[in-house]
Engineer: 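Here it is, the structure in full.
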Amino acid sequence: MIEVSDIRKRYRRKNVLNGISFKAEKGRITSLIGLNGAGKSTILKAIMGLTPVDGGSIRIGGQPLSPEIYHTIAFVPDRLTLPGSMKLRDGLQLMSDFYPRWNAEKAEDLMSFFRLERGERIGRLSKGTAAKFNLVLGMAQDVDYVLMDEPFSGIDLFSRERIAEVFTSQLVEDRGVLITTHEIGDIEHLVDRAVMLDQGHVIRDFDCEEMRSDHGKSIIDVMREVYRT
Amino acid sequence: MKTYLKLVHLEIYRFRLVLLGLMAMTSAIQLIGLQLAMRDRLQAIRGQLTREGLSLAQYAERYNGIPLGEIWSHRESWMTFPIVICIGGIGLYIFLIWYRDWFGRSAFVYRLLMLPHSRFLLYVSKFTALMTFVFSLFALQIGIVAVQMTMYRLRMPDELRVPRTLVDTIRGMDLVLFIPVRLHEFLLVYGFGSVFVLLLFTTILMERSYRFKGLLAGLAYTAGTLMLVAWMWAQAERGTALLYPSELLAAAIALMLLNAALSLWLGRWLLRTKVAA
Amino acid sequence: MRRRYGYSIGLAVLSAAVLAAYAGAAGSDSNPPYKLVTLEGSTEAMKGFVLEGLGSRLSADGRRERTGSLFLSAPFDDLIQPDRYSSERNQLIIAHRSFMRGHRQDESFYRDGNFVIGADMDDSLSSVKIRILDLAGSGSKEFTVPVRANAAKADNPLYQDKTVLDIQRIENRIHLLVRGQHDSPGNGPAIWTFTDYIVDKESGELLQAEEIYQTVPDPDPYTETSVELIAEVRELEPSSSVMLNVKTIKRKGPDAARSEQDLVLKDWRIIGYDYASGDTWDLPKAGMDRLKQGLAPRLHEGKLYAFNERNAEPLIHVLDTRTGEPLAEPLKLDRSGSAGLRSIRLEKGLIYDNLILNKIPTVVVYEEKTRKVVYRGAVERTDSDSQSVDYQYFQFNYYGE
Amino acid sequence: MAGEEEWPEAAFNSRDPVYLQVVKQFKEMIATGRLRGGQTVPSRRELASRMKINPNTAQKAYKEMEDQNLIVTEGNSPSHITTDADVLRKIRSELLGEAVEAFVESVRRLEAPVEELVELVREKYGRPSAAADNNHDGAGGGQR
């Protein structure tokens with residue numbers, strides 16, 4: 001599992017994260033929920049080692065962060081991470097060049113699932129298509145964990161549905177998924193666990209099905225309670 | 001190892017158009033330059049022949065031939081100008097090879113920093129790629145001189161032609177500053193040069209980690225090293241220092257090796273712990 | 001795989017190939033296409049000497065090396081580049097590395113069987129630091145000897161320059177020949193003073209300062225006195241005496257160029273000075289007349305050699321330093337293919353003649369007493385493509401073993 | 001085995017546990033005969049992708065149904081609906097009871113006499129309502 005314990009991060013004299021702790025088990029879909037600027041992306045980037053943290057520790061499968069550990073974890077950031085001049089075909093080639101766990105068949109399935117054109121230039125993709133391609137890059141790796149940063153933000157309805165379907169497919173089966181979003185609507189019933197953030201603190205951390213069976217509240221209900229005040 | 005080579009390929013591939021551009025520009029200007037230089041020189045000689053009523057053979061007897069190296073006279077800037085442009089281009093790319101990942105339209109730095117390989121490979125592969133550009137331009141220059149020698153052989157009349165080896169031709173031109181003909185000159189120039197590239201690489205990473213303070217520290221250190229080496233060079237030149245010139249050289253080389261090791265180590269540490277996407 | 005990586009592999013392989021070829025070419029070029037061929041005699045006399053020209057440095061024993069095309073790595077050579085004056089010291093650098101450390105460029109050195117002595121004028125021009133290395137192995141000593149301004153001129157310290165020109169050791173006394181130069185009041189021509197400072201070798205105490213000669217400024221502004229030192233040509237070697245070549249020259253007009261035709265030799269004296277006794281003498285008229293035919297006087301092993309290097313067929317006169325009378329028949333050297341480009345060197349009983357003989361740069365070594373040629377060598381081209389050696393002047397200097 | 005088209009794309013409400021809603025769907029299909037006793041049920045993974053639910057939820061739903069003996073899994077052969085007649089019958093009455101109870105709760109507030117209710121139900125129940133037709137066609141067409 002991904003274990004984040006008491007991580008802190010100051011950025012330009014602002015405490016973006018002050019003491020965040022939560023767990024994201026393998027095989028379950030965990031979502032980090034919080035309004036904009038709550039530090040969601042920073043947490044993902046910290047887990048991926050993209051930004052160093054000022055305090056606390058992150059362990060994946062019990063191991064501290066190291067280049068080898070990133071064989072077992074994929075990240076779908078909220079922006080495209082390949083040069084615009086590259087064609088999709090080159091992007092796939094790059095992934096297979098550098099990611100030992102890259103699964104070419106899965107990539108093919110996803111490319112057709114999302115109906116993406118291999119000859120297109122990355123720089124000229126629409127926001128929705130770019131997000132889909134980003135997902136392909138993330139999901140086509142045989143990894144234990146997948147981190148996704150706002151996969152739905154600014155995406156048209158049909159693309160959203162297509163993307164949501166990925167969560168039900170075997171692509172996600174017995175993998176740990178950690179997804180950040182600030183509108184839970186699309187994946188309300190897909191998420192196993194919800195971790196709610198505010199001002200760099202974890203204010204709620206609950207199992208969604210238990211919340212429904214014990215309190216009959218949906219994630220959105222809890223959000224209304226927590227973020228209303 | 002394969003990952004390292006693939007990263008090197010990636011860096012080379014991304015710079016290929018600029019590199020080809022530099023190569024095309026250099027070849028064009030230098031070859032045209034020689035063409036013009038030969039045309040001017042031959043015109044001048046023909047003018048002199050008619051004025052003094054000499055035959056080519058008599059002229060050659062009196063003034064003996066003109067080797068390729070001496071054809072250039074005032075046009076030699078056609079040779080050095082493209083070289084300076086290439087040096088400027090590569091010098092600029094020392095910074096761009098890093099900053100383009102951060103500031104390009106796409107945050108390619110995310111992808112690079114997330115690769116499941118040691119980040120030090122980024123440092124080494126970018127350095128290797130840069131050195132490949134330098135030495136490919138070096139090789140191109142030698143190729144161009146070879147072509148120029150054939151142009152010279154075809155265009156110059158037999159009487160004026162002075163056969164010279166390629167190395168002798170280079171020796172006779174300003175080019176020898178950039179294309180050394182002596183081994184230890186080459187090792188010193190390109191050895192010290194590559195250490196300064198390492199110093200600049202680490203300066204960039206210092207900037208990425210500590211922003212302006214880091215940049216300042218890096219540049220100060222690099223400039224300091226440059227001045228120290230220059231001072232050692234001057235001391236050797238004066239020859240009155242307590243250290244003999246050969247000892248000064250040994251000290252300078254030791255200093256540079258130390259700097260290379262320091263840059264590599266610090267760069268590696270910064271990439272691992274401090275650099276952020 | 002191949003096609004996609006083709007670009008990088010192609011670039012790398014091609015560049016490597018060209019570089020390898022170039023390295024090969026530069027490697028085989030490391031030996032210059034010239035060599036010094038022995039035509040006659042043995043190379044024994046040529047030990048430590050080099051001929052330099054056309055980017056190469058040749059020795060009689062066949063060694064040949066490229067010179068030139070060095071920029072960044074140029075200064076990093078411990079030995080002094082071969083030149084007419086101080087490359088003798090390379091022997092000291094090789095033999096006494098620690099003694100010479102930091103003192104390669106000291107103003108003067110002296111060496112005999114027992115001692116090596118170095119002297120250097122202090123920057124403040126007020127003292128000379130003397131360093132003595134005892135070859136018997138008891139380490140080196142150092143003294144600092146005050147060098148006072150010329151007594152008469154002490155009061156007005158106009159621009160001053162002092163240099164140690166020569167060092168001699170006579171038993172326990174060290175002689176420092178110091179040339180002082182300071183402007184005369186009313187900015188007339190400079191005044192030159194030659195003084196012999198005598199120092200006790202054991203205590204380093206200044207015993208005496210013997211003024212040998214001082215120029216007297218001439219009222220006529222266009223008249224100048226130039227004084228050249230005629231010291232033992234081999235800087236390190238002992239010499240019992242030293243001579244001064246004093247010429248008083250009048251310039252024809254104010255803007256007359258300094259070239260020879262515009263100068264009139266008003267007075268010419270050669271003054272000898274004997275270190276041991278301290279007495280000075282003028283070379284008698286007979287000797288001066290012999291020198292009149294444009295010969296350049298040189299002092300070597302207590303004898304005055306006079307010859308004109310620019311003469312196509314120079315005649316080397318050997319004169320007595322006191323009487324100016326010839327001590328031996330003059331030695332006639334070969335006719336040189338190109339007048340003017342020639343250098344003659346005097347060594348222990350040998351005379352080296354570097355000239356252009358039948359278009360070819362040649363070195364001929366004569367044994368002074370027997371006038372026999374003990375060595376003759378010439379520069380030859382080893383590659384017909386490279387530049388011809390005809391009429392090419394090669395510098396002949398001492399470089400060190 | 002239930003064909004592809006039998007599994008409606010469920011519209012889940014977000015307040016009740018999703019896995020219980022899945023179980024309820026199964027019960028309805030058993031009650032309406034679309035799922036017959038002994039019929040094998042799709043694997044956990046297939047169910048998740050057909051019903052667009054998280055595989056863990058499908059897993060939980062199957063565990064719940066096993067606890068309620070709705071489905072039986074022997075060894076590692078695929079699970080199938082129970083053949084126990086009592087259990088099947090109980091499901092039907094349970095669902096009907098729940099539906100009627102919910103109906104009664106909602107109309108109780110209107111204080112309508114029982115006879116009127118029974119008359120209304122007979123009238124509505126006798127003629128297949130438009131919604132039902134839609135549902136039937138919809139189900140067919142809905143499935144891709």
Side-chain angles (χ1 to χ4, degrees), chain B residues 5-6 8-13 16 19 64 67 128-129 132-143 146 162-168 170-171 176-177 179-189 192 232-250 252, chain C residues 1 4-30 32-33 54-55 65-81 86 89 93 97-98 100-106 120 383-388 390-391:
Chain B
L5 290 178
K6 285 178 185 166
V8 172
H9 163 69
L10 179 67
E11 290 297 341
I12 291 177
Y13 194 73
R16 67 194 187 290
L19 188 65
N64 52 49
T128 313
T132 312
F133 302 145
V134 169
F135 288 118
S136 55
L137 286 171
F138 186 100
L140 173 81
Q141 183 62 80
I142 291 167
V162 175
R164 278 282 166 73
T165 66
L166 177 112
V167 176
D168 264 340
I170 292 179
R171 173 177 288 120
V176 78
L177 286 168
I179 311 284
V181 287
R182 303 289 299 276
L183 179 62
H184 36 84
E185 182 69 14
F186 174 84
L187 293 177
L188 223 57
V189 170
F192 281 21
M232 283 179 165
W233 192 85
Q235 283 298 350
E237 177 101 81
R238 239 157 48 89
T240 56
L242 269 178
L243 285 177
Y244 275 90
S246 60
E247 289 158 0
L248 281 165
L249 177 64
Chain C
M1 277 302 249
R4 201 162 4 72
Y5 298 130
Y7 180 85
S8 303
I9 294 170
L11 184 74
V13 165
L14 208 58
S15 305
V18 172
L19 282 179
Y22 180 67
S28 63
D29 169 82
S30 63
L54 293 178
E65 226 187 311
R66 279 279 180 193
T67 58
S69 334
L70 289 182
F71 308 98
L72 195 58
S73 45
F76 293 116
D77 182 358
D78 288 356
L79 297 182
I80 294 171
Q81 292 310 317
S86 50
R89 299 170 182 202
I93 293 176
R97 190 171 170 84
S98 56
M100 293 297 285
R101 179 178 289 280
H103 291 281
R104 291 163 77 227
Q105 312 288 10
D106 280 5
D120 201 38
D383 166 4
S384 56
D385 258 355
S386 49
Q387 203 173 343
S388 124
D390 296 357
Y391 297 109

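These numbers come from the heavy atoms of this one structure, side chains and all, not from hydrogens, waters or symmetry mates. Naming convention: chains lettered A, B, ... in sequence-line order (proteins, then strands); numbering from 1 in each chain.
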Engineer: Would you give the length of the straight line joining atom CZ of B:Arg238 to atom CZ of C:Arg104, rounded to the nearest 0.5 angstrom?
Structural biologist: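 B:Arg238 CZ to C:Arg104 CZ: 11.5 Å, rounded to 0.5 Å.
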Engineer: Please round to the nearest 0.5 Å and tell me the distance separating atom CD of B:Glu247 and atom CZ of C:Phe76.
Structural biologist: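 Reported to 0.5 Å precision, the distance equals 12.5 Å.
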Engineer: Can you tell me which of B:Leu187, B:Leu177, B:Leu248 forms the most heavy-atom pairs within a distance under 4.5 Å of chain C?
Structural biologist: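 If we count pairs closer than 4.5 Å to chain C, B:Leu177 comes out on top.
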Engineer: For chain C, which of B:Gln235, B:Arg16, B:Met232 has the most heavy-atom pairs under 4.5 Å?
Structural biologist: B:Arg16
Engineer: With a 4.5 angstrom heavy-atom cut-off, which part of B:Pro180 approaches chain C: side chain, backbone, both or neither?
Structural biologist: backbone
Engineer: Quick one: side chain to side chain donor-acceptor pair (under 3.5 Å) partners of C:Ser69, sequence neighbours excluded?
Structural biologist: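 Listed in chain order: B:Arg171.
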Engineer: If we define contacts as heavy-atom pairs under 4.5 Å, which of B:Val8, B:Ile179, B:Leu183 has the most with chain C?
Structural biologist: B:Ile179
Engineer: Show your reasoning for whether side chain to side chain contact (heavy atoms under 4.5 Å, CB included) applies to B:Phe186 and C:Leu72.
Structural biologist: CA-CA 9 Å; B:Phe186 174 84; C:Leu72 195 58; over 6 Å; no
Engineer: Is it true that B:Arg164 and C:Gln387 share a donor-acceptor pair across their side chains at a distance under 3.5 Å?
Structural biologist: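 C:Gln387 vs B:Arg164: donor-acceptor pair found between side chains.
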Engineer: Which donor-acceptor pairs under 3.5 Å do the side chains of residues 134-141 of chain B make with protein atoms, sequence neighbours left out?
Structural biologist:
from     : atom 1 : to       : atom 2 : distance (Å)
B:Ser136 : OG     : B:Thr132 : O      : 2.9
B:Ser136 : OG     : B:Phe133 : O      : 2.7
B:Gln141 : OE1    : B:Gln30  : NE2    : 2.8
B:Gln141 : NE2    : B:Gln30  : OE1    : 2.7

Engineer: Where do B:Val189 and C:Phe71 land on the side chain to side chain contact (heavy atoms under 4.5 Å, CB included) test, with the steps shown first?
Structural biologist: CA-CA 9 Å; B:Val189 170; C:Phe71 308 98; over 6 Å; no
Engineer: Under the 3.5 angstrom rule, does the side chain of C:Asp29 hit a backbone N or O of B:Val167 as a donor-acceptor pair?
Structural biologist: no
Engineer: At a 4.5 Å cut-off on heavy atoms, which part of C:Asp78 comes close to chain B: side chain, backbone, both, or neither?
Structural biologist: both
Engineer: Donor-acceptor check, side chain of B:Arg182 to backbone of C:Ser73, threshold 3.5 angstrom: yes or no?
Structural biologist: no
Engineer: What's the separation between atom CG in C:Leu11 and atom NE2 in B:His9, rounded to the nearest 0.5 Å?
Structural biologist: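 Rounded to the nearest 0.5 Å, the CG-NE2 separation comes to 11.5 Å.
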Engineer: Can you measure from OH (C:Tyr5) to CD1 (B:Ile12) and round to the nearest 0.5 angstrom?
Structural biologist: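 Between atom OH of C:Tyr5 and atom CD1 of B:Ile12 there are 12.0 Å.
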Engineer: Picking from C:Gly68, C:Ala17, C:Ala74, C:Ala12, which has the most non-hydrogen pairs under 4.5 angstrom with chain B?
Structural biologist: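 Among the listed options, the one with the most contacts to chain B is C:Gly68.
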Engineer: Examine distances only and state if a side-chain atom of B:Glu185 and a backbone atom of C:Leu70 form a donor-acceptor pair shorter than 3.5 Å.
Structural biologist: no
Engineer: Within the side chain of B:Tyr244, is there an N or O that forms a donor-acceptor pair under 3.5 Å with the backbone of C:Leu79?
Structural biologist: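 No: the side chain of B:Tyr244 does not pair with the backbone of C:Leu79.
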Engineer: Calculate, to the nearest 0.5 Å, the distance between atoms CG and CD1 belonging to C:Leu19 and B:Ile142 respectively.
Structural biologist: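 C:Leu19 atom CG to B:Ile142 atom CD1 measures 5.5 Å (nearest 0.5 Å).
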Engineer: If you tally heavy-atom pairs under 4.5 Å against chain B, which of C:Gln105, C:Arg101, C:His103 wins?
Structural biologist: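 It is C:Arg101.
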